Peer 1: 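Can you keep this structure in mind? I'll have questions shortly.
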Amino acid sequence: MNYSDVIDFVKEKLATTSRSDNYPFRNRFEHTMRVYRWAIRLQAKLGGDLDVIVLAALLHDVGWEDGRPHGEVSAEIAVEYLDSIGIDSETITKVGEIIMIHSDKDTEKNLSLECRIVMDADLLDEVGAVGIMWDCMATAIEDDPNYKKAYYRIKEYYRQNKPKIKRCKTDAGRTEFSRRMQTIENYIYQLERELF
């Protein structure tokens with residue numbers, strides 16, 4: 001399957017979405033592309049239907065409306081789009097189900113491998129080096145930005161996110177999440193040595 005047309009559709013759809021990000025540097029399309037790449041990496045390790053995984057990863061955040069869960073809105077848009085390009089109904093159903101539930105990271109439901117991979121890919125984004133960059137950039141646009149403010153923000157992010165490893169649905173996801181938390185921990189340690 002040629003995913004470039006789907007990527008173009010997602011880019012166009014996200015450019016017209018009603019959701020605004022709190023930070024000018026945060027780009028939903030770039031987030032989607034990182035999730036897509038992580039989903040492919042996890043699929044290479046774990047298996048599963050590549051088309052279902054890629055389509056769900058690419059379309060997981062395509063819809064936003066006030067007052068409705070974005071998974072529901074995104075699933076509706078994804079199902080309609082996939083039907084319009086002639087994707088088989090079984091694949092459409094699987095992709096729609098994954099998108100519908102992808103935000104419920106604490107679910108205890110018995111999920112398909114494809115769903116677990118997409119959920120982990122989404123969870124892994126903006127954790128680790130990208131999370132550190134986010135905290136630094138967010139601090140820089142606040143009043144009176146400085147290195148210590150960024151340090152405390154990174155440290156708080158680490159504290160809040162380390163327990164989220166329990167949300168990972170696959171061993172490969174947990175391994176990568178642990179690596180990313182270790183990256184942040186090492187960065188905090190080095191920053192403390194240089195700042196204090």
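What you see is a predicted model, and the numbers here were worked out from it, not measured in a lab.
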Peer 1: Count the heavy atoms belonging to other residues, nucleotides or ligands that lie under 6.0 Å from CG of Asn110, then report whether that count exceeds 12.
Peer 2: no

Peer 1: For Tyr158, check ring-ring contact (aromatic ring centres under 6.0 Å, His included) against everything at least two apart and list the hits.
Peer 2: none

Peer 1: Over 60° means perpendicular and under 30° means parallel, so tell me whether His70 and His102 are parallel, tilted or perpendicular.
Peer 2: perpendicular

Peer 1: When you look at NZ of Lys169, are more than 12 heavy atoms from neighbouring residues, nucleotides or ligands closer to it than 6.0 Å?
Peer 2: yes

Peer 1: Hey, is CD on Glu185 packed in by over 12 heavy atoms from elsewhere, all under 6.0 Å?
Peer 2: yes

Peer 1: Got a second to check how far Met1's CE is from Ser4's OG, nearest 0.5 Å?
Peer 2: 10.0 Å

Peer 1: Can you give me the closest heavy-atom contact between Thr32 and Leu14, atom names plus distance?
Peer 2: OG1-CD1, 3.8 Å

Peer 1: Would a 4.5 Å heavy-atom cut-off, applied to side chains only, mark Thr170 and Lys45 as touching?
Peer 2: no

Peer 1: Quick one: which of Lys164, Arg26, Arg180 gives a salt bridge (Lys or Arg N to Asp or Glu O under 4.0 Å) with Glu126?
Peer 2: Arg26

Peer 1: Just verifying a value: how many Å separate Leu113 CG and Ile53 CD1, rounded to the nearest 0.5 Å?
Peer 2: 6.0 Å

Peer 1: Strictly distance-based, threshold 3.5 Å: is any side-chain N or O of Arg34 a donor or acceptor partner for the main-chain N or O of Asp125?
Peer 2: no

Peer 1: Side chains of residues 189-196: which donor-acceptor partners sit under 3.5 Å, not counting sequence neighbours?
Peer 2:
from	atom 1	to	atom 2	distance (Å)
Gln190	NE2	Glu194	OE2	2.9
Glu192	OE2	Tyr151	OH	2.5
Glu192	OE2	Lys155	NZ	3.3

Peer 1: What is the distance from atom OG1 of Thr93 to atom CD1 of Ile98, rounded to the nearest 0.5 Å?
Peer 2: 11.0 Å

Peer 1: Check Leu124 against Gly173 and note the closest heavy-atom contact, atom names and distance.
Peer 2: CD2-O, 3.9 Å

Peer 1: Closer than 3.5 angstrom, by distance alone: can the side chain of Thr16 be matched with the main-chain N or O of Lys13 as a donor-acceptor pair?
Peer 2: yes

Peer 1: I need the minimum non-hydrogen distance between Gly128 and Tyr157, along with the two atoms involved.
Peer 2: N-OH, 4.4 Å

Peer 1: Would you mind telling me which of Ile99, Leu82, Val62 makes a side chain to side chain contact (heavy atoms under 4.5 Å, CB included) with Ile77?
Peer 2: Val62

Peer 1: List the atom of Met119, the atom of Ile101, and the distance in Å for their closest heavy-atom pair.
Peer 2: CE-O, 3.8 Å

Peer 1: Tell me whether the count of non-hydrogen atoms from other residues, nucleotides or ligands lying under 6.0 Å of CZ in Phe29 goes above 12.
Peer 2: yes

Peer 1: Looking at Asp143, I'd like to know if its CG atom is crowded, meaning that more than 12 non-hydrogen atoms belonging to other residues, nucleotides or ligands lie closer than 6.0 Å.
Peer 2: no

Peer 1: Hey, mind stepping through Arg174 and Asp171 against salt bridge (Lys or Arg N to Asp or Glu O under 4.0 Å) and telling me if it holds?
Peer 2: CA-CA 5 Å; Arg174 276 185 288 285; Asp171 289 339; 2.6 Å; yes

Peer 1: Can you pull out every salt bridge (Lys or Arg N to Asp or Glu O under 4.0 Å) where at least one residue sits in residues 74-93? Sequence neighbours excluded, please.
Peer 2: Arg68-Glu76, Glu90-Lys94

Peer 1: Quick one: pull up CD in Glu65 and OG in Ser74 and give me the separation to the nearest 0.5 Å.
Peer 2: 9.5 Å

Peer 1: Shortest non-hydrogen contact from Tyr81 to Asp5?
Peer 2: OH-O, 3.5 Å

Peer 1: Going by the rule side-chain hydrogen bond (donor to acceptor under 3.5 Å, both in side chains), which residues pair with Asp51 if we only count those two or more places apart in sequence or in a different chain?
Peer 2: Tyr3

Peer 1: Identify the heavy atoms of Ile117 and Ala39 that sit nearest to each other, and give their distance.
Peer 2: CG2-O, 3.7 Å

Peer 1: Just distance, no hydrogens or angles: give the donor-acceptor pairs under 3.5 Å from side chains in residues 131-140, sequence neighbours left out.
Peer 2:
from	atom 1	to	atom 2	distance (Å)
Asp135	OD1	Arg153	NE	3.3
Thr139	OG1	Asp135	O	2.7

Peer 1: Which pairs with one or both residues in residues 111-124 pass salt bridge (Lys or Arg N to Asp or Glu O under 4.0 Å), sequence neighbours excluded?
Peer 2: Lys105-Asp122

Peer 1: Could you verify whether a donor N or O on one side chain and an acceptor N or O on the other, from Lys149 and Asn146, lie under 3.5 Å apart?
Peer 2: no

